[in-house]
Amino acid sequence: MDMSVYEKVYKLGMKEYRNKTMKGEYPYLGVLDEILSHTEVAKEQDLGLVDIPIAQIVGTKTEGRTYAFASNFMPLLPADSEFAYKWMNLYESHLQEGIHDPIKAYEFLNRFYVMEGNKRVSVLKYCDAITASAQVTRIIPKPDESEENKIYYEFLDFYDKTKINYLNFTQIGSYSEILKIIGVEKEEDYTEELSEEFNSAFIKFATAFFKKKGEKLSLTVADAFLVFLRVHDLDEFSIRTSETMMRDVEKLWPEFAAYPNRPEVKLITDAGQDDKRVLLGKKLWIQSVNSTLKVAFIHAKTTDTSSWTYGHDLGANHLAAAFGDKVKVSSYYEADTQEQEMERFEQAIQDGNTVIFSTSQKLVGTSMKFALDYPKISFLNCSLNTNSKYIRTYYGRLHEAKFLMGVLAGIMAPNNAIGYIADYPIYGGIANINAFALGARMVNPKIKVYLRWFHLHSPRQDMLLHDVDLSLISGQNFTRPKEESGKFGLYDARNESSDSLAMPVYDWGVYYEKTVQSILNGTWRQEADTNKYESLNDFWGMSSGLIDVILSKTLPPDTVRLIKLLKKGICSGEVDPFAGTRYTKDGTHYVKVTDPLTLEEIITMDWLADNVVGFIPTMEELTEDARTMVEVQGVSSLKD
């Protein structure tokens, strides 16, 4: 028998032993019995015959054979031992016909410990096998507050729905997130077809990741796979070659290296902040005076079907008029399905546009995908709190306008009840509700704001608002251009007139003109400078001209004067809609809040002011269309 192979694995074992010893680490296989002596066990579960990942076999169940192997399962006993002879017999048998007898193992915290078959595992690891057949008993620890325990209980739910044991995440929420990405809510959703598609995609990704030496990074291949799926759809893997996979992995390498950190959101609150910064950005535009800047606008829906799209389309028209021949504007509509999104972006790029605005939060994922593929094109998406360094985002501080409308409603309400119709529980949306409620309470301490969600089917909402007499209502923010109804903005439900008392407005032309001007000036950047891991979010308010409130001419002059004074205070920074003492609903309790709120805290609000009668809905209560929006931009309490 040629023992040269054993001499090689013996050297691998001794090298591992010496490396661990020099680092002061335990050089042998971990022993599950020792681990369990310090662990409270909830129960054991027989999983039957299971294929288990070789990479996740980390030790032995008992102490018996521990010292025969280094921690990488390579032998530590010399070549003239009986152990070495048996190892070589098993190795040659594996080369000739494979190892068919299953090992016996225990699973604990998604790691496996061998009861019978240590030499089989050693041979399989040396031969770079991917999985081993095993009779597995799962040992489930009692729940506790440790991060590892919480991740494991997420894994148990994930395993029940998919029977996948080869994903080993390191961050809380990852198993839940990947279930959402692949569209699995219950066990029957994970079909055999989806299982094959998912497994194939993971293998393709893992192959490229390890070719790039991903094992040297601090994240697991599962962590990296999740980062990849945040940008690339699962159904794209079937058309990916190994070459395109390697290129896509390389593009996301900075994200893998920084994991679990994601770019810090840097809020740009002043329209002139770009001009004040030192021009060191990676993406720095300097537009030639003799060339025409081609700018694309990609919209969900059309101007006839969406007031939101209509408002942005007006902004695009304003931009075209403002710059004449210096800027060519092209608009692309109805990017509603994934296929349509891809088609619109591809057409915009084919048409030669070098600046692309996507005007819906739904389009943020596709924007990031194309930004990775086309680094010389600048992509901007109309969304809030998006942490990606590959695109720049923009939104308006609508809560400033909502505060003024709340003040007006508090003055004009004939009783102590006002209605408020909200669209989606997304970033910034809860702040709009609370700013309105606090504005109303500033002029009427007894007033209550009754909250109704527009995109919601919920018996508890109907019960809560049953028989409530509401005269003044803050309805949909904007009306579609061809819609005759005046039930938008702040209106009087008793009045058949189409006139609103007030309505908030976005003047998107202000944003688009100032942004494109900074591009032409060479002072605009898509991302922060290379020394910072940041994403840039423009978050402009009334002081920039992006946000305003239109008041009805029928309002009393003194009331109009008060609203204008408050608006002036907001623009100067002297008036803060969230200043002072607030009693906020945190679950079922009210919590006193006196500290000033940061913009980040305003954006991510997931609580309601105490004079709001209503609730933040669960994901299950939302309509299907609303869930799509909330999955992307929903407040954290809905996405957890």
Side-chain angles (χ1 to χ4, degrees), residues 398-422 425 429-454 460-477 487 489-495 500-504 549 551-552 554-567 569-570 574-597 602 605-617:
L398 191 64
H399 65 268
E400 295 176 351
K402 287 290 189 176
F403 174 75
L404 297 181
M405 292 175 63
V407 172
L408 177 61
I411 294 171
M412 301 297 292
N415 54 27
N416 293 325
I418 307 172
Y420 188 105
I421 300 174
I430 309 298
N432 295 340
I433 299 167
N434 288 333
F436 180 89
L438 294 172
R441 194 177 67 181
M442 188 174 78
V443 294
N444 183 353
K446 296 181 180 180
I447 207 154
K448 298 291 184 183
V449 175
Y450 289 82
L451 174 62
R452 174 183 288 276
W453 294 95
F454 187 77
R460 66 171 174 151
Q461 174 167 272
D462 297 335
M463 292 175 60
L464 191 65
L465 301 179
H466 184 65
D467 289 337
V468 178
D469 180 22
L470 299 174
S471 299
L472 280 190
I473 295 176
S474 176
Q476 299 296 291
N477 291 330
K487 306 302 183 184
L490 182 65
Y491 63 89
D492 191 333
R494 302 167 301 176
N495 192 345
S500 296
L501 298 179
M503 64 176 291
V549 174
L551 301 175
S552 171
T554 64
L555 292 174
D558 287 342
T559 300
V560 173
R561 181 167 173 266
L562 173 62
I563 299 301
K564 288 184 176 180
L565 283 172
L566 289 172
K567 175 186 171 181
I570 289 174
E574 295 177 1
V575 174
D576 177 1
F578 296 103
T581 302
R582 301 168 302 281
Y583 291 88
T584 66
K585 189 181 294 185
D586 178 16
T588 58
H589 301 86
Y590 287 99
V591 181
K592 185 177 180 180
V593 181
T594 55
D595 294 335
L597 295 180
I602 292 171
M605 278 182 184
D606 58 0
W607 47 265
L608 295 173
D610 67 326
N611 65 322
V612 175
V613 180
F615 55 88
I616 298 175

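Scope of the values below: all heavy atoms of this structure, side chains included, with no hydrogens, waters or symmetry mates.
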### Message
Which heavy atom of Leu551 sits nearest to which heavy atom of Ala502, and what is that distance?
### Response
CD2-CB, 3.9 Å
### Summary
Between Ala609 and Ala437 the two heavy atoms that sit nearest each other are CB-CB, 4.5 Å
### Contact check, side chains of Met442 and Leu566, non-hydrogen atoms, under 4.5 Å
yes
### Summary
NE2 of His399 to CG of Asn434, rounded to nearest 0.5 Å, is 11.0 Å
### Message
Test your reading of the model: is there a side-chain donor-acceptor pair from Trp607 to the backbone of Ile430, 3.5 Å cut-off?
### Response
no
### Message
Does Val549 form a side-chain contact (heavy atoms from CB on, under 4.5 Å) with Lys567? I'd like the steps, not just the answer.
### Response
CA-CA 9 Å; Val549 174; Lys567 175 186 171 181; over 6 Å; no
Anything under 3.5 Å between a donor and an acceptor, one on a side chain of residues 403-419, the other on a protein residue two or more places apart or in another chain? List them.
from   : atom 1 : to     : atom 2 : distance (Å)
Asn415 : OD1    : Ala417 : N      : 3.1
Asn416 : OD1    : Asn444 : ND2    : 3.0

### Summary
Looking only at heavy atoms, the pair that brings Ile473 and Ala493 closest together is CD1-CB, 4.1 Å
#### Entry: Distance in Å, Trp453 CH2 paired with Gln461 CD, rounded so as to fall on 0.5 Å steps
9.0 Å
### Task
Look at the aromatic rings of Phe436 and Tyr420 and report parallel, tilted or perpendicular, splitting at 30° and 60°.
perpendicular
### Task
Taking all non-hydrogen atoms of both residues into account, name the closest pair between Ile421 and Tyr491 and its distance.
CD1-OH, 4.2 Å
### Summary
Minimal heavy-atom distance between Pro577 and Leu438, with the atoms involved, is O-CD1, 3.9 Å
### Query
Can you check side-chain contact (heavy atoms from CB on, under 4.5 Å) on Val613 and Val468, steps first, answer last?
CA-CA 11 Å; Val613 180; Val468 178; over 6 Å; no
### Query
Under the 3.5 angstrom rule, does the side chain of Asn432 hit a backbone N or O of Ala422 as a donor-acceptor pair?
no
### Query
Hey, does the side chain of Glu400 reach the backbone of Ile570 with a donor-acceptor pair shorter than 3.5 angstrom?
no
### Message
Please determine whether the number of non-hydrogen atoms from other residues, nucleotides or ligands lying under 6.0 Å from atom CZ of Arg561 exceeds 12.
### Response
no
### Query
Do you know the tightest heavy-atom contact between Ala431 and Phe578?
O-CZ, 3.5 Å
